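Working notes for the structure below.
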Amino acid sequence: MIRLRNTLTQSKEALTPLEPGRVRLYVCGVTVYDHCHIGHGRVMVAFDVLSRLLRHEGLKTFYVRNITDIDDKILERAGDKGIPYERLTEGMIESFQGDMAWLGVQPPDVEPRATEHIQEMVALIERLLVKGVAYEAGGDVYFRVRSVPDFGALSKKELDELIAGSRVEVNPKKRDPLDFVLWKAASDTDAGFPSPFGKGRPGWHIECSAMAMRYLGDLLDIHGGGEDLVFPHHENERAQTLAATGKPLANLWMHVGFVTMKDVKMSKSLGNTVYLRDLKASYHPEALRVALLSTHYRSPLDFSFELVENTGRALYRFYLARARQEARLRSGQGGKGRTKEARALKEEFLGSLKDDLNTPRAIGAIFKTLGLLQEKPGVDEETYKELLGLYKEADEILGAFGLEPCAFLERIESAFFKEKRLDQGTLQELVRARELARGQKDFQRADAIREQVKGYGVLLEDTPEGTLVRLDV
RNA sequence: GGCGGCAUAGCCAAGUGGCAAGGCAGAGGUCUGCAAAACCUCUAUACCCCGGUUCGAAUCCGGGUGCCGCCUCCA
């Protein structure tokens, strides 16, 4: 049983799919007018983990994540750059997909684009017009918010209080200041699509309802996105779908908390953003992924480079311990039989994830296996097999902890040597020279070499098997 | 102003009624030519404050305080 917190009811609920064994999942993706920052990355990773977990639990999951490729910001940005908006969005979609691949986010089953579903949106708007809950005004079409009695249920807002606190400039075309636009008229020179209401483009909210309904039907099991989408975006999606179909679009609404920088929300409009693409050069994607999952998805995550560095260090230690354990087993040295503990950790891992995606606790369980590996003689073959099962599960669901230790270490090392401008050949020579000096008990020279190499961030450890090169990551 | 959320060690972060996970950082010890790594031990008499419920609360209830977010495009 998977339990998830529902924004609508403000409590954890057992996930009970509409159709047994199948889950319909829709997540609001990105508006492609700029590159993705860490906040986007967090949401995508969170729902990536959710979809992986659902599938791991044997639920056939159909995951739809949209791309908003037409809106005011896009047109504005393209205008600033003096390029057609399609060129801007194509470039940003490519950038987005590159970032997601780097982060290990699996593609959704369908990634619909707004511009390719104008027909569905127009049809839905027409439905709303027929029902009398929408009206045309000067080429625009608006949705009558007051036609939905429980408007505000999702975001816990009272209509009248919204008006009181409203800072929106009044649009004279609206009959009620809270009404939102379903279709926006375009001038002759503006980008736009033909429609029965005239040339124009869809409002932001209608696209998600239309595309969700197109691919998943009138009612979803789970609809998710960032916390800032609760109001107005999801509230409006819910209202318009409810008005059109009598169904509230989704049974369960999930929202991911913000990424902050020094406790202030990271947002494009505030300019305190760190883009995913800027992290690619310096960090292993697994370090960022684990860092993003080390805080529960609903809590704010205060981002810092230190956080990623610390996580990278912990991962390095993790893979080193595994490499050592594997070396022990290869050389035929047995360890302790700890299968009971290993199984308990495995249960803790999966149980945590099934309880509202408690990734921090699940990650804690993974790190607890380190204690088993590193305690005196390590573990025996059977126990390690059990642990490998856990790591495989972590790889499948979290998309982390499942690499071949050597693969991870080599990747870290190659990046390291590239960055530090110390080539491996020179290092090997120094290590040989030092071993020679040590053999002659010339410890002064040996220590000097160790110091020299340390300047490059390389640590030399003397072990019975010879010199071990370790990186100060 | 309205609504929502959060407050756990130096830092990050679990824990939702029964001895306070885990990570990072730090201290001491074992080991070592010296180190490092690893291991062992230690690092919150205690979970923002004040009341209450209970045999028992970080955990439930009431009242404060502080921080954050939404109410406007935003993941």
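Side-chain atoms are counted along with the backbone in the values below, which use heavy atoms only and exclude waters and symmetry mates. Quick caveat: nothing in here was measured; it's all calculated off a predicted structure. So you know, we letter chains A, B, ... as the sequences are listed, proteins then strands, and number each from 1.
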Does Phe143(A) form a side chain to side chain contact (heavy atoms under 4.5 Å, CB included) with Val148(A)? I'd like the steps, not just the answer. CA-CA 10 Å; Phe143(A) 182 81; Val148(A) 178; 3.7 Å; yes
Quick check for you: among [options], whose closest atom lies nearest to any side-chain atom of [X]?
{"X": "His296(A)", "options": "A36(B), G23(B), A14(B)", "value": "A14(B)"}
{"X": "Arg438(A)", "options": "G33(B), A38(B), A14(B)", "value": "G33(B)"}
{"X": "Arg5(A)", "options": "G5(B), A21(B), A36(B)", "value": "G5(B)"}
{"X": "Glu461(A)", "options": "G33(B), A37(B), A14(B)", "value": "A37(B)"}
{"X": "Lys156(A)", "options": "G23(B), C3(B), A75(B)", "value": "C3(B)"}
{"X": "Gln374(A)", "options": "A38(B), G69(B), A14(B)", "value": "A38(B)"}
{"X": "Arg450(A)", "options": "G33(B), G15(B), A36(B)", "value": "G33(B)"}
{"X": "Pro232(A)", "options": "G4(B), G69(B), C73(B)", "value": "C73(B)"}
{"X": "Gln10(A)", "options": "A75(B), G5(B), G33(B)", "value": "G5(B)"}
{"X": "Trp204(A)", "options": "G33(B), G69(B), C73(B)", "value": "C73(B)"}

Mark yes or no for whether Arg434(A), through its side chain, and Ala446(A), through its backbone, hold a donor-acceptor pair below 3.5 Å.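 Judged by distance alone, yes, a pair lies under 3.5 Å.
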Using Watson-Crick or G-U wobble geometry with both distances below 3.5 Å, tell me the partner of C70(B), or none.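 Because both required distances fall under 3.5 Å, C70(B) counts as paired with G2(B).
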Any-strand Watson-Crick or G-U partner of U65(B), both distances under 3.5 Å: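 By the stated definition (distances under 3.5 Å), A7(B) pairs with U65(B).
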At 4.0 Å (heavy atoms only), tell me whether [X] reaches a base, stays on the sugar-phosphate, or touches nothing.
{"X": "Ser267(A)", "answer": "base"}
{"X": "Val259(A)", "answer": "base"}
{"X": "Phe231(A)", "answer": "sugar-phosphate"}
{"X": "Lys265(A)", "answer": "base"}
{"X": "Arg328(A)", "answer": "nothing"}

Measuring only the [atom1] atom in each nucleotide, how far is [N] from [M]? A whole number of Å is fine.
{"N": "A27(B)", "M": "A21(B)", "atom1": "P", "value": "24 Å"}
{"N": "U8(B)", "M": "A20(B)", "atom1": "C1'", "value": "8 Å"}
{"N": "C60(B)", "M": "G15(B)", "atom1": "P", "value": "12 Å"}
{"N": "C6(B)", "M": "C12(B)", "atom1": "C1'", "value": "16 Å"}

Interatomic distance, [X] [atom1] vs [N] [atom2] [rounded to whole Å]:
{"X": "Ile38(A)", "N": "C74(B)", "atom1": "CD1", "atom2": "P", "answer": "21 Å"}
{"X": "Asn66(A)", "N": "C74(B)", "atom1": "CG", "atom2": "P", "answer": "12 Å"}
{"X": "Phe349(A)", "N": "A14(B)", "atom1": "CZ", "atom2": "P", "answer": "16 Å"}
{"X": "Leu370(A)", "N": "A21(B)", "atom1": "CG", "atom2": "P", "answer": "18 Å"}

Salt-bridge present ([X], [Y]; N to O < 4.0 Å):
{"X": "Asp48(A)", "Y": "Arg65(A)", "result": "no"}
{"X": "Asp160(A)", "Y": "Arg146(A)", "result": "yes"}
{"X": "Asp447(A)", "Y": "Arg450(A)", "result": "yes"}
{"X": "Asp355(A)", "Y": "Lys12(A)", "result": "yes"}

Using only modelled atom types and a 3.5 angstrom limit, is any donor from either the side chain of [X] or the base of [N] paired with an acceptor on the other?
{"X": "Lys157(A)", "N": "C71(B)", "value": "no"}
{"X": "Asp462(A)", "N": "C34(B)", "value": "yes"}
{"X": "Asp228(A)", "N": "G69(B)", "value": "no"}

Need to verify one output field. Residue with the more 5' nearest nucleotide on RNA chain B, Arg434(A) or Cys28(A)?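 The residue whose closest nucleotide sits nearer the 5' end is Arg434(A).
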I want to confirm an ordering. Mapping Ser294(A) and Ile363(A) to their closest nucleotides on RNA chain B, which one lands closer to the 5' end?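 It is Ser294(A) whose nearest nucleotide is closer to the 5' end.
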Examine Tyr215(A) together with His117(A) and report whether their ring centres are nearer than 6.0 Å.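 When the ring centroids of Tyr215(A) and His117(A) are compared, they turn out to be within the sub-6.0 Å range.
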For [N] and [X] - does any side-chain N or O of the residue sit under 4.0 Å from the phosphate oxygens OP1/OP2?
{"X": "Arg317(A)", "N": "C24(B)", "answer": "yes"}
{"X": "Asn310(A)", "N": "C11(B)", "answer": "no"}
{"X": "Thr31(A)", "N": "A75(B)", "answer": "yes"}

